[in-house]
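I am attaching a structure below and will ask some questions about it afterwards.
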Amino acid sequence: MELNSYLEQLEEQIRNRKAKAEVIEEIRNHIEDQAEFYEKEGMFAEEAIEQAVRQMGDPVEVGIEMDRIHRPKPGAPLFLLAFMMSVAGLLTQYFSFYRFGEELVVYQRVIDNAFARQCVYVLMGTAVMLVILCVDYSPVGRHGKKMGALLLAGLFIICLSAPGYLGSHSYLKSLIYLFVPVYGGILYQNRNRGYYGIASSLFWLAAAFWIAAARIGGGLGITIVMACVCYIMMTAAVIKGWFNENRKAGIVLTAGIIPVSAVIAVLAQLQPYQIKRIEVLFHPERYAQGAGYQAARTREVIEGLTMFGTGGVKPEQLPIHMLPGVQDDYILLQVASVYGIIAACLLVGLLAVFLFCLFRMIYKQKNRLGKIVGYGCLMVIAAEIAGNLMINFGFYTISTGGLPFFSYGGYHTVTIYVLLGVIFSIHRYQNLAWEREDGKNKQEKGVLAHLGKYRIRIERCR
């Protein structure tokens, strides 16, 4: 059979456009390489091509198998997972907080139709998540720097034009988390560039940090989380040898010299009020009338909790009457106060199971870009959950955006759904994320090419 005719029949069996182009290219290269081998063995060119084509097998069968392997995974289970968490979050907010209506007094912000707004935010986030889920994530590996430039420039322009509050745009703070998946693409683009690639990656991280700290302002905790997650991603890339630098020297530099130098520089510039904040972090009870007020009141509430229901807790002792921003930061403590410790533990367990499911999705990825971007998004979500839990346990901590799915907030809610959409896209398109080995040929013996999970193996016929 003629080569072009063989490839046309094979191509007709593959439905995904991207997989079709990649598979045909790989199989064409395989046949041509095998034909070249036969020519060296003494065959004529035409005869060698025919023999190589014949060795590949029936084009329809090969095409059907390639189509089976290289197609997006079903997205319904992922959507169902996010939908269940969204419903759980909205029900928790309503029955533990918003149903009290006029009893939301003292510290609560006056927000008209707050629960209805949160429902809208969840619907918006879900819609964005579905769009991202249905789009192949891999272009971030080719256009990460362009995306990063557009994102940071967009945030800079918004901060210049949008009204601020007390000198900052803290209501935008959660949006800096969107830099994390983009940073995975930047690291991927900097592969094989040695120490220049490391320096370039640090420059992009510094630019994002400056935008978050100097332009957006407020929400220092979110800025620190973003910077730490990105730095961990870069360190992981160094450990994996992405930059082709001296690996030991690179590890010492990124895991030792740079972070230690940064900590020393920060400590040397701490102001008295910042040192006091560190003291409050460990001893909030000493500052119960000042900076440690919220942590001290939180511990008072915790002491009165029971396993089931409010027990002996008086209505005026509920968090909604004692703490500011319950709908943002203390929703879990409110649940424990109204329905008991067991109910709060069930919510924590639900979040833990959800994080474990996300971790399993990312752990199974073979594509390096998908893995580092996925872990970056997962670390952000995990850090938000961990930080919010610490606040609810009575620790004085730096600010967080809230508890994913369970806290009130527009930008934070949508941002979390964007990160989930990226993780789901990585899982859905894991068999369509084509990645070629860098540098030297690292293929298995006798294997010419890898097509996702499919291997083309050359065996000489005798």
Side-chain angles (χ1 to χ4, degrees), residues 136-157 159 175-216 222-266 362 365 367-380 383 418-419 422 426 433-440 442:
D136 182 10
Y137 75 95
S138 59
V140 74
R142 299 190 299 273
H143 307 294
K145 293 181 179 179
K146 294 178 182 177
M147 293 180 179
L150 288 173
L151 174 62
L152 297 182
L155 290 174
F156 183 82
I157 293 172
C159 290
L175 294 180
I176 197 61
Y177 282 148
L178 300 180
F179 181 74
V180 171
V182 173
Y183 191 66
I186 292 173
L187 292 173
Y188 196 77
Q189 281 189 280
N190 280 329
R191 291 169 305 142
N192 304 318
R193 296 188 176 182
Y195 293 105
Y196 171 81
I198 296 176
S200 173
S201 301
L202 284 171
F203 168 80
W204 280 99
L205 178 53
F209 187 90
W210 180 80
I211 291 290
R215 304 310 308 174
I216 297 178
I222 291 178
T223 301
I224 292 175
V225 169
M226 179 277 298
C228 289
V229 168
C230 289
Y231 197 80
I232 291 171
M233 293 166 66
M234 189 188 74
T235 303
V238 169
I239 294 174
K240 292 292 185 179
W242 279 26
F243 301 103
N244 278 348
E245 81 295 348
N246 183 295
R247 187 171 298 186
K248 290 183 179 179
I251 293 173
V252 170
L253 178 66
T254 57
I257 296 176
I258 293 177
V260 169
S261 301
V263 170
I264 293 174
V266 169
I362 301 166
Q365 303 306 309
N367 183 278
R368 292 177 295 174
L369 173 64
K371 202 155 215 174
I372 199 165
V373 170
Y375 276 133
C377 296
L378 178 61
M379 282 190 285
V380 168
V418 169
L419 297 179
V422 173
I426 292 169
W434 297 74
E435 184 176 48
R436 305 184 188 281
E437 294 287 353
D438 301 318
K440 298 179 180 179
K442 300 180 181 180

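If you read the sequence from its start, that first residue is 1, and numbering goes on from there.
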For this session: Check whether any side-chain N or O of Q189 sits under 3.5 Å from a backbone N or O of R142 as a donor-acceptor pair, and report yes or no.
Result: yes
Exercise. Does atom NZ of K145 have more than 12 heavy-atom neighbours, drawn from other residues, nucleotides or ligands, at distances under 6.0 Å?
Worked result: yes
Seminar exercise, completed: One should read off an interatomic distance between I211 CD1 and L175 CG, to the nearest 0.5 angstrom, of 12.5 Å
For this session: State, with a plain yes or no, whether a side-chain heavy atom of L187 is found less than 4.5 Å away from one of F243.
Result: yes
Seminar exercise, completed: On a heavy-atom basis, the closest approach of I176 and A212 is CG1-CB, 3.7 Å
Exercise. Is there a donor-acceptor contact under 3.5 Å from the side chain of S200 to the main chain of Y196?
Worked result: no
Problem set entry | Gap between atom CD1 of I216 and atom CH2 of W210 - 0.5 Å precision | 10.5 Å
For this session: Using modelled atom types only, decide if a donor and an acceptor are shared between the side chain of Y231 and the backbone of T254 within a distance under 3.5 Å.
Result: yes
For this session: To the nearest 0.5 Å, tell me how far N244 CG sits from N192 CG.
Result: 4.5 Å
Problem set entry | Reported CG-to-CZ distance for the pair L152 and R215, which is rounded to 0.5 angstrom | 13.0 Å
For this session: Output, in order, the C-alpha distance, side-chain angles, deciding distance and verdict of side chain to side chain contact (heavy atoms under 4.5 Å, CB included) for L205 and M234.
Result: CA-CA 10 Å; L205 178 53; M234 189 188 74; 5.9 Å; no
For this session: Any chance you could measure S138, atom OG, to H143, atom NE2, to the nearest 0.5 Å?
Result: 9.0 Å
For this session: Considering non-hydrogen atoms only, spot the tightest contact between C377 and V422 and give its length.
Result: SG-CG1, 3.9 Å
Exercise. Is there side-chain contact between V238 and I198, with heavy atoms separated by less than 4.5 Å?
Worked result: yes
For this session: May I ask you to test the V380-F179 pair for a side-chain heavy-atom distance under 4.5 Å?
Result: no
For this session: Evaluate the side-chain proximity of I426 to Q365: yes if any heavy-atom separation is below 4.5 Å, no if none is.
Result: yes
Problem set entry | Over all atoms of both residues, closest heavy-atom pair of P181 and L419 | CD-CD2, 3.9 Å
Exercise. Just by distance, do the side chain of Y183 and the backbone of S201 share a donor-acceptor pair under 3.5 Å?
Worked result: yes
Exercise. Which atom pair, heavy atoms only, marks the closest approach of G148 to W204?
Worked result: C-CZ3, 3.8 Å
Problem set entry | Over all atoms of both residues, closest heavy-atom pair of V225 and A383 | CG1-CB, 3.7 Å
Exercise. Could you give the distance from CZ (R191) to CG (L369), rounded to the nearest 0.5 Å?
Worked result: 8.5 Å
